[in-house]
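Everything below concerns the one structure shown next.
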There are 2 protein chains.
Amino acid sequence: MQFSKSTDYALHALIHLAQAESHKNIGVRELSTILSVSESYLSKIMAKMRKDGIVRAVPGVKGGYELAKSAENITFLEVIQAIEGRQQMFECSNLNSKQHQLLAELNRTERSTKTKTTDRGECLVKKVMDGAEQHLHQYLREHTIQSVLDQAIKHCGHSTNKK
Amino acid sequence: MQFSKSTDYALHALIHLAQAESHKNIGVRELSTILSVSESYLSKIMAKMRKDGIVRAVPGVKGGYELAKSAENITFLEVIQAIEGRQQMFECSNLNSKQHQLLAELNRTERSTKTKTTDRGECLVKKVMDGAEQHLHQYLREHTIQSVLDQAIKHCGHSTNKK
DNA sequence: CCTATTACGGACCCGCAATATCCATAATAA
DNA sequence: TTATTATGGATATTGCGGGTCCGTAATAGG
């Protein structure tokens, strides 16, 4: 139950891109030295984000990467999903276990009266876990690359104000 | 970023234990057939929960497992942590990267005036992720084995009331 | 006391995904 | 044309999740 190192690299790379001037491409070489990671590996990470429309790339001399949209429109959630994929956090492997059959029996009475296919034999454990995932996603949707930058500025500004 | 199958097994096993009569030990054999998983593997899972005080075990003939405390006192969080461990969801591998040094520079001005060791060079990305983890934990703390059982009963009762 | 049953713990194996590297190719600025 | 840069494929390596096996200890019942 851990986020991969790739996610870590991706987020930090994006923050660096966001700090740079707009329309100034930044190469993998520069990013990799800053993040202390190999160029080849970082390339794969950037490629994933490119496919998901988070960054834009231009090849050739003076090429590199830039954000494909504004930093406040890049949420933590989409970055994580670009890197880690979109599979569910919890998968119920007991779909045809006796416990589910029992659960189905309880629901059967309800179904016989209502004949609705909704809520058919859904695992209650999975329902809780899905709820947890939704909560997590909501939080991650509310935090963007820009919000981190703002936080950094606040930190800095806070000290000058204090002075 | 997925929960292991072991967690799935653990939760379903606990629900079965909670449904059983109190003070009636249930063997791994019975649990394993219900969950469609091997005895040897489930043993490891039960052992982890035993070490964390979630279930109690008695060896010997007629031995088996029972809940170590009431079902409403067993939260999803502690079950998950018993199985998956307590490492943080997000680990920042760039602790001495240039990006963090930059972040430290911003904080240095503040520190020079306040000389506080709190908030020293903390990665802002990690702060967001830690926040996400706390949110997730809070949700998982609010859901217990008993709450799943209640939900099941409500489902059942709902249909009879409808009738 | 003996035996069957059960939990406990260690050693071990397997497959896969995360991590990481290398190279050949295409695109582009100068 | 050349140097630079992203792209994508092929290929290790390694750690971990998932899983099995077996020897030991504990306990109930005869």
Side-chain angles (χ1 to χ4, degrees), chain A residues 1-10 12-13 17 23-33 35-68 80 82-87 89-94, chain B residues 1-10 12-13 17 23-33 35-68 80 82-85 87 89-91 93-94:
Chain A
M1 193 49 192
Q2 264 199 160
F3 288 106
S4 65
K5 301 177 94 178
S6 296
T7 296
D8 178 76
Y9 296 145
H12 281 93
L17 289 184
H23 295 291
K24 175 160 183 285
N25 295 325
I26 297 185
V28 172
R29 186 176 309 260
E30 179 178 340
L31 286 174
S32 70
T33 54
L35 300 183
S36 310
V37 62
S38 78
E39 297 179 38
S40 27
Y41 189 44
L42 188 57
S43 290
K44 306 301 166 103
I45 296 170
M46 299 308 290
K48 283 186 180 178
M49 291 202 283
R50 179 181 146 270
K51 281 176 194 148
D52 276 33
I54 296 174
V55 297
R56 195 192 332 271
V58 322
V61 183
K62 282 291 178 181
Y65 289 96
E66 62 178 350
L67 298 187
I80 290 170
I83 303 297
E84 313 239 343
R86 284 162 180 78
Q87 359 97 22
M89 273 203 329
F90 187 80
E91 207 51 49
C92 200
S93 57
N94 304 340
Chain B
M1 193 48 193
Q2 262 197 164
F3 288 106
S4 65
K5 300 178 101 179
S6 296
T7 296
D8 179 75
Y9 296 145
H12 281 93
L17 289 183
H23 295 290
K24 178 162 180 286
N25 295 325
I26 298 184
V28 172
R29 188 177 307 260
E30 180 178 339
L31 286 174
S32 70
T33 55
L35 300 183
S36 311
V37 64
S38 80
E39 297 178 37
S40 29
Y41 189 41
L42 188 56
S43 291
K44 306 300 168 99
I45 296 170
M46 299 308 290
K48 283 185 180 178
M49 292 202 282
R50 178 180 145 272
K51 280 176 194 148
D52 276 35
I54 296 174
V55 297
R56 195 191 332 271
V58 321
V61 184
K62 282 291 178 182
Y65 289 95
E66 63 178 350
L67 298 186
I80 291 170
I83 303 299
E84 313 239 344
Q87 359 96 22
M89 273 202 330
F90 188 80
E91 207 51 48
S93 56
N94 303 339

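On a predicted model such as this, the values are computed, not experimentally measured, just so you know. Convention: sequence-line order gives letters A, B, ...; per-chain numbering from 1.
When the side-chain nitrogen and oxygen atoms of A:Ser4 are compared with OP1 and OP2 of C:dT19, one or more of them lie within a distance under 4.0 Å. OP1 and OP2 of D:dG17 both lie 4.0 Å or more from every side-chain N or O belonging to B:Tyr9. Applying the 4.0 Å criterion to OP1 and OP2 of C:dC8, one finds that B:Arg50 has a side-chain N or O inside that range. At D:dG18, one or more side-chain N or O atoms of B:Ser6 fall inside 4.0 Å of OP1 or OP2 (strictly under the cut-off).
Listed for the B:Lys48 side chain is no donor-acceptor partner under 3.5 Å among the backbone atoms of B:Ala82. The backbone N or O of B:Ser32 sits nowhere less than 3.5 Å from a side-chain atom of B:Glu39 that would complete a donor-acceptor pair.
Considering only heavy atoms from C-beta on, B:Phe3 stays 4.5 Å or farther from B:Asp8 through its side chain. Between B:Ile83 and B:Met49, the closest side-chain pair of non-hydrogen atoms falls below 4.5 Å. With contacts defined as side-chain heavy-atom distances shorter than 4.5 Å, the pair A:Leu31/A:Met46 qualifies.
A:Lys5 has its NZ atom 10 Å from the C1' atom of C:dA18, to the nearest Å. Distance CD (B:Glu91) to P (C:dT19): 13 Å, rounded to an integer number of Å. Protein atom CD1 of A:Ile45 is 18 Å distant from nucleotide atom P of C:dA17, rounded to whole Å. Atom-to-atom, CG of A:Leu42 to C1' of D:dA6 comes out at 12 Å; the value is rounded to the nearest Å. A:Lys48 places its NZ atom 9 Å from the C1' atom of C:dA18, with the value rounded to the nearest Å. Between B:Met46 atom CE and D:dG19 atom C1' the separation is 17 Å, expressed in whole Å. Counting to the nearest Å, the C1' atom of D:dA26 and the OH atom of B:Tyr65 are 13 Å from each other. Regarding A:Phe3, its CZ atom lies at a distance of 17 Å from the C1' atom of C:dA17, rounded to whole Å.
Using a 4.0 Å heavy-atom distance criterion, A:Val58 is classed as a sugar-phosphate-only contact.
In the set C:dA20, D:dT7, D:dT20, D:dT20 carries the atom at the smallest distance from any side-chain atom of B:Ser38. Residue B:Ala57 has its side chain nearest to C:dA7 when only D:dG19, C:dA7, D:dT27 are considered. Side-chain proximity of B:Pro59 to D:dG19, C:dA20, D:dT27: nearest is D:dT27. The side chain of A:Tyr41 lies closest to C:dT21, out of D:dT7, C:dA7, C:dT21. For B:Val28, the listed nucleotide lying nearest its side chain is C:dA7; candidates were D:dG8, C:dA18, C:dA7. Distances from the side chain of A:Ser40 to the nucleotides C:dT21, C:dT19, D:dT7 place C:dT21 closest.
Counting distance only, with no hydrogens placed and no angle test, the side-chain atoms of A:Lys44 and the base atoms of D:dG9 include a donor-acceptor pair under 3.5 Å.
Nearest-nucleotide assignment on DNA chain D puts the 5′-proximal partner with B:Gln87, out of B:Val61 and B:Gln87. Nearer the 5' end of DNA chain C, as judged by each residue's closest nucleotide, is the contact made by B:Arg29, out of B:Arg29 and B:Ala47.
Checked by atom type, the side-chain pair A:Tyr41/A:Ser6 shows a donor-acceptor distance below 3.5 Å.
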